[in-house]
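Quick caveat, the model's predicted, so the values are computed rather than measured.
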Amino acid sequence: MVNAASTAKHRPSTGSGPVPPLSAKIVEPTVFDLSSPGRIGVTMPDPDVPETTLPPRELLRSDLPLPELAEVDVVRHYMHLSSFNYSVDSGFYPLGSCTMKYNPKINEDTCRLPGFLHTHPLQPIETVQGNLLLMYTLQEWLKEIGGYAAVTLQPAAGAHGEFTGVLMMRAYHKSRGDTKRVKMIIPDSAHGTNPASVGMMGLQVVQVPSDERGNVDLKALEAACDNTVVGMMLTNPNTLGLFDENIEKVIELVHGCGGLMYGDGANLNALLGIVRPGDLGFDVMHFNLHKTFSVPHGGGGPGVGPVGVAARLADFLPEPLVGMIEEGDDDTAPLYGFLKPAKSIGRMKAFHGHFGGGFVRAFTYIAMHGPDGLKDISQYAVLNANYLLARLRDTYRVPFDRICMHEFVAEGRFEGSDVRALDIAKRLIDYNFHPPTNYFPLIVHEALMIEPTETENKDTLDAFTDALIKIAEEAKTQPDLLHNAPSTTRFGRMDEVKAARELVLCCGLPEDYSNQ
Amino acid sequence: MNAPANLKYTKSDEWFDPATGAMGISDYAQSQLSDIVFVEILVEEGDTIEAGKAIASVESVKASAEIYAPAGGKVTAVNKGLSDKPETLNSDPYGAGWMVKVEGGAAGETLDSAAYEKHCEERSH
Amino acid sequence: MSYIPISPKERDAMLETVGVKSLDDLFEAVPARHRFPMLNLPPALTEMEAMEELSGLAQANENVRSDLVSFLGAGMYNHYIPSVVDHILRRGEFYTAYTPYQPEISQGTLQAIFEYQSLMAALTGMEVCNASHYDGATATAEAVNLAYAQFRGKRRKVVVSPAVHPQYRAVIRTYIQGTDMELAGDNPNTDLDSQPDELATLIDENTSLLVVQYPDFFGRVYDYAKLIEAAHAKGALVCIVANPTALALFKTPGSLGADIVVGDGQPLGIPMWYGGPSVGFFTTRRSFVHKMAGRLVGETVDNRGQRSYVLTLTAREQHIKRERATSNICTNQGLIALGTAVYLSLLGKKGLRQVAELCYQKAHYAAQQLSQIDGMGLCFSEPFFHEFALCLNRPVAEVNAHLLDHGILGGYDLGQDYPALKDHMLIAVTEMNSKEDIDMLVNILSEVSHG
């Protein structure tokens with residue numbers, strides 16, 4: 001069996017592009033290339049204490065092979081690198097499943113307030129009541145938004161939240177003496193993290209297909225539901241951007257066999273103030289604060305993946321939770337501190353979670369939206385997606401075509417053409433748009449998964465659809481334009497085969513550095 | 001698409017040579033995986049395996065696959081050179097790209113080359 | 001406050017194109033009885049109000065730059081962060097980009113991560129480094145998973161030194177619960193004076209991995225070469241959890257023979273931020289690269305012959321390998337890894353060594369002065385880096401409360417995790433602590449001791 005993002009050939013260029021020369025041209029040197037012996041980037045003060053002898057020589061390293069640069073060298077280097085990036089701040093980034101919304105600038109200031117920046121996670125709680133109140137309040141808000149009895153803020157990312165949730169689900173069954181449950185039901189449209197989270201724990205994955213409307217196939221689900229099922233992991237709206245029309249029946253079937261329902265909150269941007277997953281019967285759900293609540297994606301992270309649970313799972317949450325240790329009265333403020341749930345699965349990471357870069361930004365964002373503002377977010381995210389869908393469905397085939405939620409999936413291929421989704425994606429770059437997600441979900445051929453988010457205006461959406469319609473025309477008349485794209489960028493398509501076969505993962509290291 | 005007539009094939013794209021006990025992945029499989037960059041053989045000489053057991057794990061630039069034994073038996077040889085030259089699976093899947101040899105065992109459910117070619121054809125649509 | 005840039009008129013035109021009358025009509029697939037709940041949340045704040053609210057919360061804390069002098073470490077350290085680091089991290093081109101899946105327009109992130117990988121390999125003395133984990137604790141747990149996968153589940157025992165950070169050990173326990181793996185050595189009641197070489201007695205043919213910390217949780221520095229040799233003799237792998245600042249001074253874990261080196265990158269230019277986000281680094285030998293979790297950036301060329309970088313060996317990862325992947329990790333700590341790369345580039349060969357030596361010198365001065373107080377003493381005699389265990393003659397909580405009254409954030413109470421170390425405080429000293437700070441700590445503790 002082959003698991004693949006795409007099973008066809010990926011060459012850097014299928015057109016008649018130039019052949020790379022033996023030694024590559026260097027666009028921006030690395031910090032090791034730039035190093036010059038004797039340059040200094042930061043001067044540290046001399047010691048103000050009487051000198052102590054260093055430990056015996058046999059414990060010390062003989063050389064530290066780090067680069068030597070001046071401050072201006074470092075600043076220019078990273079500024080050059082920054083100019084090679086496409087970002088939300090520079091343009092439209094409709095990357096499906098990633099919710100690349102605008103990141104408000106005030107968040108960057110609030111999360112860097114010195115009181116947040118320079119507090120140690122092990123300080124006495126009396127000295128960090130501001131942090132603890134912020135965490136407590138964020139827990140309360142996420143409970144309200146998701147419809148949950150309790151929330152842990154600890155998980156570091158969505159996948160980490162999934163792992164947390166699935167550990168709790170298993171612990172719950174085990175605590176009831178129900179030890180034969182070893183299977184997790186996962187639809188074929190799921191993110192790879194779902195089966196991987198289950199695989200990490202040694203549980204088995206039972207895959208169920210989608211039906212012709214993009215819903216979970218109820219017959220297959222019914223057949224999979226028995227007393228060996230831990231539960232089901234479901235993203236709703238799913239990765240096709242569709243709200244499952246039989247969601248209540250799906251949850252009833254899973255609960256009916258004693259299983260628990262896990263909600264992958266990756267697509268929560270469609271549901272704020274629209275429906276609370278907890279009300280629908282999802283027993284556990286992770287939130288992606290870096291998708292829904294504007295924590296920036298940072299070129300790959302950090303994320304933040306809090307998990308909400310129904311009352312029957314609250315005792316299994318990871319430790320620690322933030323709680324009110326002493327209630328206040330008219331004269332004294334309440335005291336916040338840490339609690340350990342009675343049957344906790346343990347600790348998911350060191351300390352309390354992604355406080356500064358995560359909780360503070362998300363708190364700021366929710367505080368500035370309020371209940372109506374949150375509902376607006378989802379309504380406009382869904383409007384924008386449906387507007388793109390309406391404008392594109394005559395040009396690109398949409399295999400599951402009905403009112404979508406915050407994203408939809410089209411096919412990036414045309415009858416009688418060898419142009420593929422990858423080529424369309426690369427050509428969009430020439431029009432100065434970030435491409436949609438391609439080759440996911442796996443159940444759509446040549447998938448283009450488009451998620452505009454609520455923070456784009458109509459002009460941008462129109463320009464994007466115009467570009468995609470033009471590209472469809474180019475695919476017929478000038479397919480090489482697509483095969484060779486992008487051509488307007490600083491860099492062209494990369495040789496991924498060379499990268500994987502030659503495997504150069506580091507630079508600038510002396511050969512014997514590991515012996516120092 | 002090349003499927004030599006002297007070999008037996010599985011629906012999951014492995015081949016087995018009843019004459020030599022050798023097994024590996026088919027030409028169709030290597031072309032679907034595209035550029036293979038990693039092979040790990042999961043069994044050792046002397047192991048006794050059953051048909052259907054995972055014998056290798058293969059990764060290409062964009063895909064990964066688990067390879068299942070088309071036949072059972074006692075493992076008499078493992079192609080140790082493959083891990084250094086995984087691209088052999090692309091260039092010579094039926095020759096230098098053999099993975100494991102077994103003896104004294106039974107083939108699982110296999111197809112002859114004509115039936116296998118038809119099976120591949122059906123999936124290309 | 002709203003960030004939605006669509007006017008009512010534009011909204012109506014868009015609704016017409018979609019073919020529905022109102023925004024609410026887009027949600028008919030949602031069960032009616034649960035549709036449009038009234039959320040009980042406070043009303044929206046303007047930007048001005050939000051800044052006031054958040055400033056109030058931040059000011060309700062006592063921070064270690066303007067309110068308190070800190071001698072608290074235990075896994076997170078108060079180091080100086082040069083201005084350049086945050087100036088780079090505030091570039092929208094970096095922080096508002098996604099994972100670099102489109103390499104043609106992500107070379108900034110890709111090259112920066114490639115440089116991060118290179119810098120961390122240089123620091124640890126290892127051959128390869130991935131693009132990062134959530135933190136040092138989860139990186140350590142992933143090392144356990146790597147070793148288990150390397151032996152295809154045939155070796156089920158993991159030996160963990162009790163002198164590994166208690167929270168890291170707790171995370172390992174969380175990660176492996178319900179699997180057939182078992183832990184040995186993870187016992188806080190062990191004799192903590194015993195030499196790490198004695199861990200060798202726990203390692204057998206069923207052991208996949210030995211985990212030790214360098215410097216250990218108590219700040220002690222050991223030459224683990226012999227222990228590692230003993231582990232290798234049994235066929236087990238060895239993971240060293242390292243403090244990256246210490247690696248500017250002490251022998252690399254690579255040269256000691258480690259197979260995996262992990263740790264938390266927070267000391268390298270990242271604020272403590274009440275515990276996160278920081279970055280977990282994960283370095284190893286080339287032969288384990290396919291079993292290593294996480295993203296990897298590799299060098300290649302583009303179709304114009306330019307040196308460039310891509311995410312490579314992606315078929316190892318969850319989005320392709322799904323339930324067969326070593327780990328489910330997807331999102332990493334990209335931006336924080338960038339911060340450590342900027343920090344390491346800026347401090348470089350000389351600067352990082354200076355920071356490490358300052359920590360060493362100041363910590364040793366503090367230890368020497370504190371150990372002269374009657375009724376107090378150093379708990380261990382081994383060489384140490386910038387952290388040491390001080391034996392007090394009364395409960396740590398009591399002493400710390402007194403210190404706090406004088407604006408000092410005292411050390412970590414070791415009795416919480418190690419019953420034998422009741423009344424022992426773990427004190428951390430960095431370049432941020434002046435001689436004056438240290439003398440003040442010594443004076444107050446003298447008073448406490450005599451009082």
Requested in this report: Indicate whether any N or O donor in one side chain lies under 3.5 Å from an N or O acceptor in the other, for A:N85 and C:T109.
Outcome: yes
Report task. Under 4.5 Å, counting heavy-atom pairs only, tell me which of C:M76, C:E104, C:K435, C:E299 racks up the most with chain A. Result -> C:E104
Report summary line: Which of A:P65, A:C506, A:P67 passes side chain to side chain contact (heavy atoms under 4.5 Å, CB included) with C:S118? Answer is A:C506
Query raised in the report: Would you call C:R90-A:D109 a salt bridge at under 4.0 Å N-O?
Result: yes
Requested in this report: Please examine the side chains of A:F32 and C:E115, heavy atoms only from C-beta on, and report whether any two atoms are closer than 4.5 Å.
Outcome: no
Query raised in the report: Which atoms of C:P82 come close to chain A, meaning under 4.5 Å heavy atom to heavy atom: side chain ones, backbone ones, both, or neither?
Result: side chain
Query raised in the report: So which of A:V27, A:T30, A:L167, A:L69 has the biggest tally of heavy-atom pairs under 4.5 Å with chain C?
Result: A:T30
Report summary line: Counting heavy-atom pairs under 4.5 Å with chain C, the top scorer among A:D372, A:V31, A:L113, A:L95 is A:V31
Query - Heavy-atom check, side chain of C:L57 versus side chain of A:V360, under 4.5 Å - result: no
Report task. Heavy-atom distances under 4.5 Å only: say whether C:L409 touches chain A with side chain, backbone, both or neither. Result -> side chain
Requested in this report: Name the region of C:L15, side chain, backbone, both or neither, that has any atom closer than 4.5 Å to a heavy atom of chain A.
Outcome: both
Requested in this report: Could you tell me which non-hydrogen atom of C:P383 sits nearest to which non-hydrogen atom of A:L59, and how far apart they are?
Outcome: CG-CD1, 3.8 Å
Report summary line: Residues A:A196 and C:S327: closest non-hydrogen pair is CB-O, 4.1 Å
Requested in this report: Please check if any side-chain donor atom of A:R170 sits under 3.5 Å from a side-chain acceptor atom of C:Q177, or the reverse.
Outcome: no
Query raised in the report: What residue in A:G358, A:G370, A:S87 has the most heavy-atom pairs under 4.5 Å with chain C?
Result: A:S87
Query raised in the report: With a 4.5 Å heavy-atom cut-off, do C:Q333 and A:H354 have their side chains touching?
Result: yes
Query raised in the report: chain A heavy atoms under 4.5 Å from C:E53: which part of the residue, side chain, backbone, both or neither?
Result: side chain
Report task. Name the region of C:N332, side chain, backbone, both or neither, that has any atom closer than 4.5 Å to a heavy atom of chain A. Result -> both
Requested in this report: Measure C:L68 against the heavy atoms of chain A and call it side chain, backbone, both or neither at under 4.5 Å.
Outcome: side chain
Requested in this report: Applying side chain to side chain contact (heavy atoms under 4.5 Å, CB included), run through C:E93 and A:D89 and close with a yes or a no.
Outcome: CA-CA 7 Å; C:E93 298 90 331; A:D89 277 0; over 6 Å; no
Query - Test log, rule side chain to side chain contact (heavy atoms under 4.5 Å, CB included), inputs A:R490 and C:Q107 - result: CA-CA 9 Å; A:R490 191 70 191 74; C:Q107 283 299 302; over 6 Å; no
**Report entry** chain A contact via C:E28 - side chain, backbone, both or neither, heavy atoms under 4.5 Å
**Finding:** neither
Report task. Give, as side chain, backbone, both or neither, the part of C:H87 having an atom under 4.5 angstrom from any heavy atom of chain A. Result -> neither
Query raised in the report: How far apart are the closest heavy atoms of C:F114 and A:V504, and which atoms are they?
Result: CE1-O, 3.4 Å
**Report entry** Interface moiety of C:D223 toward chain A, non-hydrogen atoms closer than 4.5 Å
**Finding:** both
Query raised in the report: With a 4.5 angstrom heavy-atom cut-off, which part of A:E28 approaches chain C: side chain, backbone, both or neither?
Result: both
Query raised in the report: Is it the side chain or the backbone of C:K362 that comes within 4.5 Å of chain A heavy atoms, both, or neither?
Result: both
Query - Top of A:E51, A:Q129, A:E245 for chain C proximity - count of heavy-atom pairs under 4.5 angstrom - result: A:E51
Query raised in the report: Side chain, backbone, both or neither: which part of C:V310 has a non-hydrogen atom closer than 4.5 Å to chain A?
Result: side chain
Report task. Can you see which heavy atom on C:L72 is nearest to which on A:H120, and at what distance? Result -> CD2-ND1, 3.4 Å
Query raised in the report: Based on non-hydrogen pairs under 4.5 Å, which of C:G19, C:C330, C:P42 is most in contact with chain A?
Result: C:P42
Query raised in the report: side chain to side chain contact (heavy atoms under 4.5 Å, CB included) between C:Y98 and A:M100: does it pass, once the steps are laid out?
Result: CA-CA 8 Å; C:Y98 195 69; A:M100 298 300 288; 3.4 Å; yes
Query raised in the report: Do A:F491 and C:S106 touch side chain to side chain, with heavy atoms closer than 4.5 Å?
Result: no
Query - A:Y380 side chain to C:S2 side chain, donor-acceptor N/O pair below 3.5 angstrom - result: no
Query raised in the report: Does some side-chain heavy atom of A:P114 sit less than 4.5 Å from a side-chain heavy atom of C:R65?
Result: no
Query raised in the report: Does the gap between the ring centers of C:H319 and A:F440 come in under 6.0 Å?
Result: no
Report task. Run the numbers on C:L247 and A:R61 for side chain to side chain contact (heavy atoms under 4.5 Å, CB included), then give the verdict. Result -> CA-CA 8 Å; C:L247 296 185; A:R61 75 187 290 165; 4.3 Å; yes
Query - Engaged part of C:Y360 at the chain A interface, taking heavy atoms whose separation is under 4.5 Å - result: side chain
Query raised in the report: With respect to chain C, which residue among A:P104, A:G202, A:A425 yields the maximal number of heavy-atom pairs within a distance under 4.5 Å?
Result: A:P104
Requested in this report: Show your reasoning for whether side-chain hydrogen bond (donor to acceptor under 3.5 Å, both in side chains) applies to C:S345 and A:Y78.
Outcome: CA-CA 10 Å; C:S345 307; A:Y78 287 104; 3.1 Å; yes
Query raised in the report: Is C:E323 reaching over with its side chain to a backbone N or O of A:G199, donor-acceptor style, under 3.5 angstrom?
Result: no
Query raised in the report: Non-hydrogen atoms of chain A under 4.5 Å away: do they reach the side chain of C:P37, the backbone, both or neither?
Result: both
Query - Residue pair C:Q167 / A:K349, side-chain donor-acceptor N/O under 3.5 Å - result: no
Query raised in the report: Is the closest side-chain heavy-atom distance between C:T331 and A:H290 below 4.5 Å?
Result: yes
Report summary line: Turns out that what part of C:L296 lies under 4.5 Å from chain A's heavy atoms comes down to side chain
Query raised in the report: For the residue pair C:Y274 and A:H352, does the interplanar ring angle fall in the parallel (under 30°), tilted (30 to 60°) or perpendicular (over 60°) class?
Result: tilted
